[in-house]
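Following: one structure in structure tokens, then a few remarks.
Letters A, B, ... mirror the listed sequences (proteins, then strands); counts begin at 1. From a predicted model like this one, the values you see are computed outputs, not experimental measurements.
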Amino acid sequence: MTVRTRIAPSPTGAPHIGTAYIALFNLAFARRHGGKFILRIEDTDRLRSSAASETEIIKALRWLGIDWDEGPDTGGQQGPYRQSERTGIYRDHVNQLWDSGQVYPCFCTTERLQAVRAAQIAAKSEFQGYDRACAGIAATEARRRVDASETHVFRLRSPIDGDCRWQDRLRGEIVVPWAGIDDQILLKSDGYPTYHLANVVDDHAMDISHVIRGEEWISSTPKHVLLYQTFGWQPPEFAHLPLLRNPDRSKLSKRKNPTSILYYREAGFLPDVLLNFLGLVAYSFADGREEFRLTEFIDQFDLDRISLGGPVFDVGKLREFNARRLRALTIDELQERLQQWRLNQNVWTRILEMAQPRLNQLTDLVPMSSFLFADRLPDTTPQLLRQAGDETTQLMERLRLAQWEIEQTTEWTSETVRALFDRVSALENIKLKKLLPVFFITICGAKVSLPLFDSMLLLGRDLCLRRILYAIEDLEAAGCRLGKKQLKALQSRYRDAGSGA
RNA sequence: GCGCCCAUCGUCUAUCGGUUAGGACAUCAGGUUUUCAUCCUGAAAAGCGGGGUUCGACUCCCCGUGGGCGUGCCA
């Protein structure tokens, strides 16, 4: 059997460090066994998916040195590799199951579903999920309503008793009672497939032999196993990797850690070090080696050596690995790395264009632009407090709004940066000019600096986001915490303004 | 609530029934260095609890406990 593995990111935001982690193990396993590694874009969420995010994910993975044999950008025999371009395939498969009665249209409204859910929670019902209200609608009646273009989804009939069992490569047999699994939606009312359908159909169509993915998928594996059964297909081998964790052991999240791969690039981490580090969480070499290149990782890779405890992503240890690698470089190599990063002619030209009108002596240049080459700035709290005066609540709110805005922005251009600050100033009902000093301090470290938006472009989205988060962190430590209610109110104000997703 | 997954130093981990429980990062102490950093040496630091199985359990089983994930027309 030919080994074929895949990484299947959803392009709904910044490229996530967890994607790289799962990708690395899939890549290594495929290469180790002379197989193929595939990139498939799971853009079935029409609302949240974006082409910009897909581009960023591809760029980020390539920056790390992760390469795939087939994918939306490289092509391949079993494409297309973007699920939005395969909707016809999913539709055909659902129709096939509809004909055989294993799938049925469901006409329940979102409101009814919410009500059912709320009632189940209120009644402390053991079963929580869809009540199968539409499962009993007569076939002819269902057909008629669908033909009449009544809004509907398609659901898969699931067993109501017995157990679903399968072998996980790393965890052995997993047994899940069917009773806890409801009739899953396969096709949404917009005609797009859900993850479950698209994933199974594509893994089969693309001859994926091993599904190596995050632990968060274990609980939906029965749905996938059921789909393979229903289609009469041989399921792939499953291996569920432990999830990366925050220091508090919750699932790695952007609120508590930098999770964007781009942050690590912008903040001066070497791609090979980051990849090396990712190969060390949840995994160890049989000979205890801790420093390695990708080729060495592949050569010795053994899927069964993965450990199952959820590893904390320790940025401190990553930094130390990065330091060691940096120090081991020759000066020429170091220069090369620096140029690849940000210290190059092109960037300097852009800086000079901004700096020239502000220069009195040549000596002004480097101090003036040093913030463009830093990760964390010296504590900006005193400056921010001075700027805010008594209005510290407002200050915190503005930082939060900017944070949320940046998190929503995947395209990072002068237009989008400008637009996000326009939205914040509209939301706060003040002029942009009045709003910006706070962000000059947060991003540039001083109220007086090089132009903010262009600086932000140079720094990159995720580093700017980090600086805002650093500022919030520091201010909170200084006692400027927004109350739970205040934060909630701000959130709903933000949502109502229509900026949020 | 229900279901599932997991459990060794603070953190990442080794150990696949018999070890003084090993390494790495962080921490601390000492040494080298014009400062600092590097570098070297050393120290402190762990088997969640309770039952079994066994001549012998970190290792296998069960029950607790703790953590995580899932329970979406998100993936």
- Within the structure shown, what part of the strands sits under 4.0 Å from Val312(A) by heavy-atom distance: base, sugar-phosphate, or nothing? sugar-phosphate
- Taking rA75(B), rC73(B), rG68(B) as options, the one with an atom nearest any side-chain atom of Arg117(A) is rC73(B)
- Query: Rounded to whole angstroms, how far apart are CG on Asp131(A) and P on rC73(B)?
  - Reply: 12 Å
- Query: Salt bridge check: are Arg466(A) and Asp375(A) linked by an N-O gap of less than 4.0 Å?
  - Reply: no
- Task: Go through rC25(B), rA75(B), rC69(B) for me and flag the one nearest to the Lys317(A) side chain.
- Result: rC25(B)
- Pairwise side-chain contact, Thr87(A) with Arg91(A), heavy-atom cut-off 4.5 Å (strictly under): no
- Task: Remember a base hit wins even if backbone is also touched, and classify Ile121(A) as base, sugar-phosphate or nothing at under 4.0 Å, heavy atoms.
- Result: nothing
- Please tell me which of the listed nucleotides, rC4(B), rC5(B), rA75(B), lies nearest to the side chain of Val176(A)? rC4(B)
- salt_bridge(Glu266(A), Arg467(A)) N-O dist < 4.0 Å: no
- Base, sugar-phosphate, or nothing for Glu290(A), non-hydrogen atoms under 4.0 angstrom? base
- Message: For the P atoms, the ones on rG67(B) and on rC9(B), what distance do you get once it is rounded to whole angstrom?
- Response: 16 Å
- Pick base, sugar-phosphate or nothing for Thr12(A), based on heavy-atom distances below 4.0 Å to the nucleic acid. nothing
- Below 4.0 angstrom, N of the basic side chain to O of the carboxylate: do Asp299(A) and Arg32(A) qualify? no
- Query: Does a side-chain N or O from Arg324(A) land closer than 4.0 Å to OP1 or OP2 of rC25(B), or not?
  - Reply: yes
Protein-nucleotides 27-36 of chain B N/O pairs closer than 3.5 Å?
none

- Query: Considering heavy-atom distances to RNA chain B, does Asp45(A) or Gly288(A) have its closest nucleotide positioned more toward the 5' end?
  - Reply: Gly288(A)
- Task: Go through the steps to decide whether Asp287(A) and Gln300(A) satisfy the test side-chain contact (heavy atoms from CB on, under 4.5 Å), and finish with yes or no.
- Result: CA-CA 10 Å; Asp287(A) 63 10; Gln300(A) 61 70 52; over 6 Å; no
- When the C1' atoms of rC40(B) and rA57(B) are considered, how many whole Å apart are they? 39 Å
- Message: Pairing check on rU15(B): which nucleotide meets the Watson-Crick or G-U wobble criteria with it, both distances under 3.5 Å?
- Response: none
- Roughly how far, to the nearest 0.5 Å, is the CG atom of Leu226(A) from the NE2 atom of His196(A)? 11.5 Å
- Message: Check the phosphate of rC25(B) against Arg319(A), side-chain N and O only, distance under 4.0 Å to OP1 or OP2. Yes or no?
- Response: no
- Query: What does Ala282(A) touch in the nucleic acid at a heavy-atom separation under 4.0 angstrom: a base, only the sugar-phosphate, or nothing?
  - Reply: sugar-phosphate
- Just checking Glu320(A): base, sugar-phosphate only, or nothing, at a heavy-atom cut-off of under 4.0 Å? sugar-phosphate
- Nucleotide nearest Leu243(A) (side chain, heavy atoms from C-beta), chosen from rC69(B), rU13(B), rC5(B): rC69(B)
- Return the orientation label for the His152(A) and Phe107(A) ring planes: parallel under 30°, perpendicular over 60°, tilted otherwise. tilted
- Message: Could you tell me how far rC69(B) sits from rC74(B) if I compare only their C1' atoms? Round to whole Å.
- Response: 15 Å
- Whole-Å distance, Gln167(A) CD to rC5(B) P, equals 12 Å
- Query: Where does the angle between the aromatic ring planes of Phe297(A) and Phe285(A) fall among parallel (under 30°), tilted (30 to 60°) and perpendicular (over 60°)?
  - Reply: tilted
- Task: Measure the distance from CG on Leu197(A) to C1' on rG72(B) and round it to the nearest whole Å.
- Result: 16 Å
- Note on the structure: Re rG1(B): Watson-Crick or G-U wobble partner, both distances kept under 3.5 Å, found to be rU71(B)
- Message: Distance check, C1' atoms only: rG22(B) and rA46(B), in whole angstrom units.
- Response: 12 Å
- Message: Quick check for you: to the nearest 0.5 Å, what is the distance between Glu333(A) atom CD and Leu326(A) atom CG?
- Response: 11.0 Å
- Query: On a whole-Å scale, what distance lies between the P atoms belonging to rC25(B) and rU20(B)?
  - Reply: 26 Å
- Message: Below the 4.0 Å mark, does rA75(B) have OP1 or OP2 next to a side-chain nitrogen or oxygen of Arg40(A)?
- Response: no
- One should read off an interatomic distance between Arg265(A) CZ and Ser260(A) OG, to the nearest 0.5 angstrom, of 8.5 Å
- Task: Tell me whether the OP1 or OP2 atom of rG70(B) has a side-chain N or O from Lys251(A) closer than 4.0 Å.
- Result: yes
- Message: So, does Ser219(A) get its side chain near the phosphate of rC69(B), meaning an N or O under 4.0 Å from OP1 or OP2?
- Response: no
- Query: Below 4.0 angstrom from OP1 or OP2 of rU13(B), is there any side-chain N or O of Ser307(A)?
  - Reply: yes
- Message: Any base atoms under 4.0 Å from Arg305(A), or only sugar-phosphate, or nothing? Heavy atoms, all strands.
- Response: sugar-phosphate
- Would you say Arg249(A) reaches rC5(B)'s phosphate, i.e. side-chain N/O to OP1/OP2 under 4.0 Å? no
- Task: For Cys108(A), answer base if it contacts any base atom (sugar-phosphate contacts may also be present), sugar-phosphate if it contacts only those atoms, and nothing otherwise; contact means non-hydrogen atoms under 4.0 Å.
- Result: base
- Task: Could you work out which one of rC2(B), rC12(B), rG3(B) sits closest to the side chain of Glu126(A)?
- Result: rC2(B)
- Residue that, paired with Glu54(A), satisfies salt bridge (Lys or Arg N to Asp or Glu O under 4.0 Å) out of Arg40(A), Arg48(A), Arg82(A): Arg82(A)
- Between Lys188(A) and rC74(B), is there a side-chain N or O to OP1/OP2 distance below 4.0 Å? yes
- Item | Given RNA chain B, 5'-ward residue of the pair Leu252(A) and His196(A), judged by closest heavy atom | Leu252(A)
- Task: Whole angstrom is fine here: how far is it from CD in Glu173(A) over to P in rC6(B)?
- Result: 13 Å
- Message: When you measure from the side-chain N and O atoms of Thr221(A) to the phosphate of rC4(B), is any distance below 4.0 Å, counting only OP1 and OP2?
- Response: no
- Note on the structure: From the candidates rC73(B), rG68(B), rA75(B), the one with an atom nearest any side-chain atom of Tyr195(A) is rA75(B)
- Item | Candidate nucleotides rG3(B), rC12(B), rC74(B), ranked by approach to the side chain of Arg48(A) - the nearest | rC74(B)
- In Watson-Crick or G-U wobble terms, with both distances under 3.5 Å, the base opposite rA21(B) is none
- rA75(B) C1' sits how many Å from Ile7(A) CD1, rounded? 12 Å
